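From a predicted model like this one, the values you see are computed outputs, not experimental measurements. Every heavy atom of this structure was used, including side-chain atoms; hydrogens, water molecules and symmetry mates were not. A note on names: the letters A, B, ... follow the listed sequences, proteins ahead of strands, and every chain is numbered from 1.
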Number of protein chains: 2
Amino acid sequence: MFRFTKQTEYAILSLQYIAKNSNRLVSVREISEELEIPFQFTSKILQQLIKSDIVESRQGVKGGYKLVKEAKDILITDIMEIFDPNSLQPNCIDIINGTICKRSGRCNLQKTVFKIKNEVEKVLKDYSIEKSMKD
Amino acid sequence: MFRFTKQTEYAILSLQYIAKNSNRLVSVREISEELEIPFQFTSKILQQLIKSDIVESRQGVKGGYKLVKEAKDILITDIMEIFDPNSLQPNCIDIINGTICKRSGRCNLQKTVFKIKNEVEKVLKDYSIEKSMKD
DNA sequence: ATAAAATACGATTAAAATAATCGCATATAT
DNA sequence: ATATATGCGATTATTTTAATCGTATTTTAT
Ligand code: SF4
Ligand code: SF4
């Protein structure tokens, strides 16, 4: 499938929202309600974004999230890699399981598949959170 | 996920193999063994390719498959559309269920998503079965 | 005729990936 | 203290994808 997973898409939407309100901390509750994303799911996604140093949070009353990096420095591909590390890699390689396709080496499709990967990647690398907000 | 489904990939491999042996009918058994694709799965895939007028078959002893269209006229995207009709479409639209995303209309990502779709599609439309065999 | 070698195809099952929730812990402002 | 937040591992549910089953039909060769 050549589409974003929901996690990836929800992450992008959340980051857009946080970026738009960068003067304050934004709570999960607010993001969840504004964007109609399940609360716990939103929460889990943001926590993963902390681990990747894209956002940071403060707990407690008036807590919430804010960006660590500037919106222009967060690429769509960064988010894809966090939530779906295989997605930018062809089937020949399985990053998650550390396996390679048994046809590798005698496969007449592999070169094409990597060419396509490189060209598609080039397209995607051109989009940041900031750029997506200006579109 | 930005990768081919197995059905799509197996279909491409099978078509390459049939194209390479275009002087005769090729049996599912042979394709299945040569490419290490489960027999019944290969069979099912080829039957779907008949419905899309990409191959034709003859039953019985010495039966098998051959191409209807020339390898240069079969695009990778044609195959993707057969086995995964949503794959070239962003999440905003669900072709299979005929639904649209509830955020549509007030979504700050949609334009970007369609731009990316168009650019990626342009890349993919450049690849045919024939081209993939020459790579 | 009939046996063997093939495809045809709907139905079903299995496996994997993705989405979502639960429950409890911890931090903080008032 | 209390209410309002995040933190996080574990679990469950759902959906998608992969694969198989069983039976019918067609065709060739003997
Ligand atoms: S392109 Fe070839 S090697 Fe790569 S996954 Fe597909 S079959 Fe395997
Ligand atoms: S881009 Fe916006 S409208 Fe399209 S699927 Fe994502 S959230 Fe929905």
Salt bridge flag under 4.0 Å for residues B:Arg103 and A:Glu34: no
How do B:Phe39 and B:Lys51 order along DNA chain C: which one's closest nucleotide is nearer the 5' end? B:Phe39
So, with a heavy-atom separation below 4.0 Å from DNA chain D, the residues of residues 17-30 of chain A are A:Ser27, A:Val28
Quiz question: by atom type and distance under 3.5 Å, do the side chains of A:Gln47 and A:Ser43 form a donor-acceptor pair? yes
Comparing B:Pro38 and B:Asp94 on DNA chain D - which has the more 5′ nearest nucleotide: B:Asp94
Please determine, by modelled atom types, if A:Tyr10 and A:Glu36 share a side-chain donor-acceptor pair under 3.5 angstrom. no
Tell me whether the OP1 or OP2 atom of D:dT17 has a side-chain N or O from B:Tyr10 closer than 4.0 Å. no
Side-chain donor-acceptor contact under 3.5 Å, A:Gln7 with A:Asp84: no
Is it true that the side chains of A:Gln110 and A:Ser104 contain a donor and an acceptor less than 3.5 Å apart? yes
According to a strict under-4.0 Å criterion, is A:Ser57 in side-chain N/O contact with OP1 or OP2 of D:dG7? yes
Separation of atom CG in A:Leu49 from atom C1' in D:dT6, rounded to whole Å: 14 Å
Atom CD of B:Glu36 and atom P of D:dA19: how far apart are they, to the nearest Å? 13 Å
Sequence-distant partners of A:Asn118, side chain to side chain donor-acceptor pair (under 3.5 Å), two or more places apart: none
What is the separation between atom CZ on A:Phe83 and atom C1' on C:dA19, rounded to the nearest whole Å? 13 Å
Scan A:Leu46 against the nucleic acid and name what it touches under 4.0 Å (heavy atoms): base, sugar-phosphate only, or nothing. nothing
Between the main-chain N or O of B:Lys111 and the side-chain N or O of A:Asp135, is there a donor-acceptor pair closer than 3.5 Å? no
To the nearest angstrom, the CG-C1' distance between A:Asp84 and C:dA16 comes to 13 Å
A correct 5'-to-3' footprint of nucleotides 22-30 of chain C, with B, S and - meaning base, sugar-phosphate only and no protein heavy atom under 4.0 Å, is BB--BBBBS
Is there a path of hydrophobic side-chain contacts, each under 4.5 Å between heavy atoms of I/L/V/M/F/W/Y residues, joining A:Val28 to A:Tyr17? yes
Measure the distance from CZ on B:Arg3 to P on D:dA18 and round it to the nearest whole Å. 11 Å
Could you work out which one of D:dG7, D:dA18, C:dA8 sits closest to the side chain of B:Thr5? D:dA18
Between CD of A:Gln7 and P of C:dT21 the distance, given in whole Å, is 13 Å
Any heavy-atom pair between the side chains of A:Lys20 and B:Asn108 that's under 4.5 Å? yes
From CD of A:Gln48 over to P of D:dC8, roughly how many Å is that when rounded to an integer? 11 Å
Rounding to an integer number of Å, can you tell me how far B:Glu33 CD sits from C:dA6 P? 10 Å
Within 45 degrees of the ring normal and closer than 6.0 Å to the centroid, is that where the cationic atom of A:Arg3 sits relative to B:Phe2? no
Closest to the side chain of A:Gln47, out of D:dT20, C:dA20, D:dG7, is D:dG7
